[in-house]
Amino acid sequence: MNCPVKGKAWATGASPLCASGKGARQGTRAPPYLRAFLSNPHSMLDTAYLRNHPEEALNRLSKRNIDAEGLLAKAAGLDEKRRSTQNALDALLAEMNDHARSIGELMKAGKKAEAEEARARATELKEGIAAMKDQLAAAEKALHEHLWTIPNTPQERVPAGKTPEDNQVVAQHGELPRLAAGAKPHWELAEEYGLFSLELGVKLTGAGFPVYTGQGAKLERALIAFFLDRATEAGYMEVIPPLLVNADSAFATGQLPDKEGQMYHATADDLFLIPTAEVPITNLFRDVILEAGALPVKRVGYTPCFRREAGSYGKDVRGLNRVHQFDKVEIVRIEPPERSDAALEEMTAHVKGLLEALELPYRQLLLCGGDMGFTSAITYDMEVYSGAQQRWLEVSSISNFETYQSNRLKLRYRGEDKKPRLAHTLNGSALALARIVAALLENNQTPQGIRIPNALQPYTGFGMIVKK
RNA sequence: GGAGAGGUGGCAGAGCGGUUGAAUGCGGCGGUCUUGAAAACCGCUUUACCCGCAAGGGUAACGGGGGUUCGAAUCCCUCCCUCUCCGCCA
């Protein structure tokens with residue numbers, strides 16, 4: 001089995017799907033969370049969609065840098081096998097039910113001999129049923145395991161492409177800062193002003209765990225409060241979720257099995273530290289059928305985020321550019337399909353508003369098919385310009401997952417006809433803190449100190465970061 | 001961590017191993033009645049998969065998994081969870 005996708009999210013290659021075949025998932029050898037998932041009748045792409053819109057699915061999936069045709073053809077075959085097996089089993093079970101019912105009636109009527117006869121026939125049926133059940137289980141397993149390997153189908157407007165080079169810049173705003181010669185990167189500023197320390201983090205934990213201090217800590221807290229307030233004003237309900245989730249939750253939003261190696265795993269209790277608030281907040285709606293009036297659902301949550309980032313190294317990870325623990329405010333929406341595109345644009349506009357309030361130059365990227373996350377149908381990345389490093393830093397990723405997550409979540413809503421159907425889920429960072437801090441510090445450094453944007457001053461209580 | 005009780009439909013709450021997908025009550029929806037509303041009365045009211053243009057039909061599900069049986073919500077095993085009491089504790 002080849003790993004079908006090499007996105008940036010798979011730097012570790014630790015996915016059991018991509019590793020070396022199926023050993024990890026077989027029978028009783030599968031870890032508990034995989035067994036739990038095997039029992040879940042839902043997979044990722046909706047088989048009904050694949051069956052009813054084969055051409056559209058193929059067109060969309062072809063944007064990815066994968067063998068879309070082969071994957072879909074195999075899925076169609078496995079789906080067909082599953083359905084025919086289920087038909088056969090259902091017929092056998094119906095026959096068995098007839099026997100069982102008539103035996104009961106015959107017993108009541110005192111016709112013992114006839115009852116015995118029927119019982120003998122029923123006993124014969126049992127073997128065939130057991131065998132057919134095994135076949136169905138095997139067919140379902142084969143189908144689901146295959147579906148797990150197929151990423152979400154990109155929307156029409158997503159550009160085809162393989163690498164970040166193929167992403168499209170769809171908007172840019174703000175002047176790039178012209179810093180004086182000798183402008184310092186944020187990690188040097190942090191030392192100079194006592195804002196955060198990675199060395200102390202090493203002592204306490206290990207590399208990539210910053211300790212914020214003094215005005216640095218206050219700035220962090222101010223940004224969190226600012227982002228939460230802005231989201232609340234925009235109609236998002238605030239949530240403070242658990243920071244540890246169980247395997248069911250990690251599966252439902254797609255972190256497992258695809259990104260297993262990216263999460264910290266508390267093995268004693270089989271819990272995972274969340275890599276993003278998306279996981280607990282979206283899972284609030286697992287196994288839920290929302291009434292039509294309940295949509296749209298808009299939630300916002302601040303949480304620390306934990307990412308192992310195994311395999312990352314080099315200059316990209318200096319300072320706050322890439323750390324194992326960072327703060328993030330996340331917005332999550334649940335929408336009916338016809339409104340999810342508009343919701344994505346609203347979320348993007350919200351994020352732009354935040355960046356403009358912080359006076360940070362930014363650009364908006366429409367990710368190409370090859371660079372998008374596994375579960376996304378369309379993704380915008382927002383990047384801010386970090387003046388001293390002279391590079392763009394990703395501070396937000398805003399995605400529409402359409403029904404890909406909701407199919408696993410079993411998250412549905414009732415349409416006008418009262419029938420349950422899969423909702424669309426979306427989420428986006430609004431915003432990720434660490435890199436915002438990096439850009440703020442670098443872009444606003446002056447000989448007198450580091451200037452705090454006006455919008456943030458009510459939250460920090462100071463307008464300038466100064467040396468002690 | 002120790003001891004006990006329990007997990008059934010939106011909620012509450014029944015259920016001798018045999019038309020029990022599941023009594024009853026509440027809630028919800030529709031209707032009758034009414035100038036309107038309430039009350040009363042009548043009917044309806046889970047989800048998934050499969051077959052079918054549809055009407056309709058089949059199968060599955062009573063915390064999860066497994067077992068006994070012709071047949072299990074009802075019996076057995078196991079796991080999970082919840083509640084109560086004790087201990088510990090921000």
Next on the checklist: Distance check, C1' atoms only: rC26(B) and rA14(B), in whole angstrom units.
Outcome noted: 15 Å

Next on the checklist: Test salt bridge (charged side-chain N to carboxylate O under 4.0 Å, His left out) on Arg157(A) and Glu345(A); report intermediate values, then the result.
Outcome noted: CA-CA 14 Å; Arg157(A) 56 186 162 146; Glu345(A) 301 306 323; 3.3 Å; yes

Checklist entry - What interatomic distance, in whole Å, is found between C1' of rC89(B) and the corresponding atom of rA22(B)? => result 45 Å

Next on the checklist: Between rC11(B) and rC16(B), how far apart are the two C1' atoms, rounded to whole Å?
Outcome noted: 28 Å

Next on the checklist: Under 4.0 Å between a side-chain nitrogen and a carboxylate oxygen: does that hold for Arg51(A) and Asp46(A)?
Outcome noted: no

Checklist entry - Looking at side-chain heavy atoms only, is the closest gap between Tyr380(A) and Leu366(A) below 4.5 Å? => result yes

Next on the checklist: Measuring only the C1' atom in each nucleotide, how far is rG9(B) from rG63(B)? A whole number of Å is fine.
Outcome noted: 14 Å

Checklist entry - Can you tell me if Ser406(A) and Arg412(A) form a side-chain donor-acceptor pair at under 3.5 Å? => result no

Item to check | Pairwise C1' distance for rU24(B) and rU82(B), with rounding to whole Å | outcome: 25 Å

Checklist outcome for this item: To the nearest angstrom, the CG-P distance between Leu125(A) and rU69(B) comes to 16 Å

Item to check | Closest to side chain of Thr123(A), choosing from rU59(B), rU47(B), rC70(B) | outcome: rC70(B)

Item to check | NZ/NE/NH1/NH2 to OD/OE distance under 4.0 Å, Arg119(A) and Glu116(A) | outcome: yes

Item to check | Any pair counted as side-chain hydrogen bond (donor to acceptor under 3.5 Å, both in side chains), so long as it reaches residues 125-138 of chain A, sequence neighbours left out | outcome: none

Checklist entry - Who does rA55(B) pair with, Watson-Crick or G-U, both distances under 3.5 Å? => result none

Nucleotide N/O of nucleotides 51-53 of chain B paired with protein N/O under 3.5 Å:
unit_1  : atom_1 : unit_2   : atom_2 : d
rC51(B) : OP1    : Arg83(A) : NH1    : 3.1

Item to check | Whole-Å gap separating P (rG71(B)) and CD (Glu116(A)) | outcome: 13 Å

Checklist entry - Nearest to the side chain of Ala94(A), which nucleotide is it out of rU47(B), rC49(B), rG58(B)? => result rG58(B)

Next on the checklist: Using Watson-Crick or G-U wobble geometry with both distances under 3.5 Å, which nucleotide pairs with rC29(B)?
Outcome noted: rG43(B)

Checklist entry - Among side-chain atoms of Tyr49(A) and Glu56(A), is any donor-acceptor pair under 3.5 angstrom? => result yes

Checklist entry - rC49(B) C1' sits how many Å from Leu136(A) CG, rounded? => result 10 Å

Checklist entry - Between atom NZ in Lys418(A) and atom P in rC44(B), what is the gap in whole Å? => result 19 Å

Checklist outcome for this item: Among rU46(B), rG58(B), rA48(B), the one nearest any side-chain atom of Arg414(A) is rU46(B)

Next on the checklist: Does Gln155(A) form a side chain to side chain donor-acceptor pair (under 3.5 Å) with Asp341(A)? I'd like the steps, not just the answer.
Outcome noted: CA-CA 10 Å; Gln155(A) 291 189 357; Asp341(A) 285 340; 3.1 Å; yes

Checklist entry - Relative to each other, are the rings of Tyr459(A) and Phe226(A) parallel, tilted or perpendicular (30° and 60° limits)? => result perpendicular

Item to check | Side-chain N or O of Arg412(A) closer than 4.0 Å to phosphate OP1/OP2 of rU47(B) | outcome: no

Checklist entry - How far does the C1' atom of rC42(B) sit from the matching atom of rU46(B), given to the nearest Å? => result 23 Å

Checklist entry - So does Glu105(A) pair up with Arg101(A), basic N to acidic O under 4.0 Å? => result no

Next on the checklist: I need the CD-C1' distance between Glu114(A) and rC70(B), as an integer number of Å.
Outcome noted: 15 Å

Next on the checklist: Please determine whether a side-chain nitrogen of the Lys or Arg among Arg333(A) and Glu346(A) lies less than 4.0 Å from a carboxylate oxygen of the Asp or Glu.
Outcome noted: yes

Next on the checklist: So if I take residues 281-291 of chain A and measure heavy-atom distances to RNA chain B, which residues fall below 4.0 Å?
Outcome noted: Ile289(A)

Next on the checklist: Can you check the distance between rA23(B) and rG1(B), where both ends of the measurement are the P atom (answer in whole Å)?
Outcome noted: 40 Å

Checklist outcome for this item: The complete set of side-chain hydrogen bond (donor to acceptor under 3.5 Å, both in side chains) pairs with one or both residues in residues 189-217 of chain A, sequence neighbours excluded, reads Lys184(A)-Glu192(A), Glu192(A)-Lys467(A)

Next on the checklist: Heavy atoms from C-beta onward define the side chain here; which of rU47(B), rC49(B), rU59(B) lies closest to that of Arg82(A)?
Outcome noted: rC49(B)

Item to check | Watson-Crick/G-U partner (both atom distances under 3.5 Å) of rU68(B) | outcome: none

Next on the checklist: Which nucleotide, if any, forms a Watson-Crick or G-U wobble pair with rG1(B), using both distances under 3.5 Å?
Outcome noted: rC86(B)

Checklist entry - Taking the inter-plane angle between the rings of Tyr264(A) and His324(A) on a 0 to 90° scale, is it parallel (under 30°), tilted (30 to 60°) or perpendicular (over 60°)? => result perpendicular

Checklist entry - In the structure shown, which nucleotide is the Watson-Crick or G-U wobble counterpart of rG7(B), with both distances under 3.5 Å? => result rC80(B)

Checklist entry - When you check the side-chain N and O atoms of Lys328(A) and Thr276(A), is any donor under 3.5 Å from an acceptor? => result yes

Next on the checklist: Classify Ala118(A) by what it touches in the nucleic acid, base, sugar-phosphate, or nothing, heavy-atom distance under 4.0 Å.
Outcome noted: nothing

Next on the checklist: Using whole Å, what does the distance between atom P of nucleotide rA61(B) and atom NZ of Lys410(A) come to?
Outcome noted: 15 Å

Next on the checklist: Nearest whole Å is fine: how far is rC79(B) P from Asp248(A) CG?
Outcome noted: 18 Å

Checklist entry - Asp270(A) CG to rC80(B) P: how many Å, rounded? => result 12 Å

Checklist entry - Is the closest basic N to carboxylate O distance between Arg339(A) and Glu402(A) below 4.0 Å? => result no

Next on the checklist: Could you report the tightest heavy-atom contact between Pro280(A) and Pro241(A), atom names first, then the distance?
Outcome noted: CB-CB, 3.6 Å

Strictly under 3.5 Å: I want the nitrogen or oxygen pairs between protein and nucleotides 16-22 of chain B, one per line.
unit_1  : atom_1 : unit_2    : atom_2 : d
rG18(B) : N2     : Ala100(A) : O      : 3.1

Checklist entry - With respect to the phosphate group of rU59(B), does any side-chain polar atom (N or O) of Asn97(A) fall under 4.0 Å of OP1 or OP2? => result yes

Next on the checklist: Measuring only the P atom in each nucleotide, how far is rG4(B) from rG15(B)? A whole number of Å is fine.
Outcome noted: 25 Å

N/O-N/O pairs, protein side and nucleotides 54-56 of chain B side, under 3.5 Å:
none

Next on the checklist: Need to verify one output field. Residue with the more 5' nearest nucleotide on RNA chain B, Asp79(A) or Ala91(A)?
Outcome noted: Asp79(A)

Item to check | Residue from Asn246(A), Leu409(A), Val245(A), Leu411(A) passing side chain to side chain contact (heavy atoms under 4.5 Å, CB included) with Asn283(A) | outcome: Leu409(A)

Checklist outcome for this item: Pairing partner of rC62(B), by Watson-Crick or G-U wobble and under 3.5 Å for both distances, is none

Item to check | Lys126(A) side-chain proximity, nearest of rC70(B), rG58(B), rA60(B) | outcome: rC70(B)

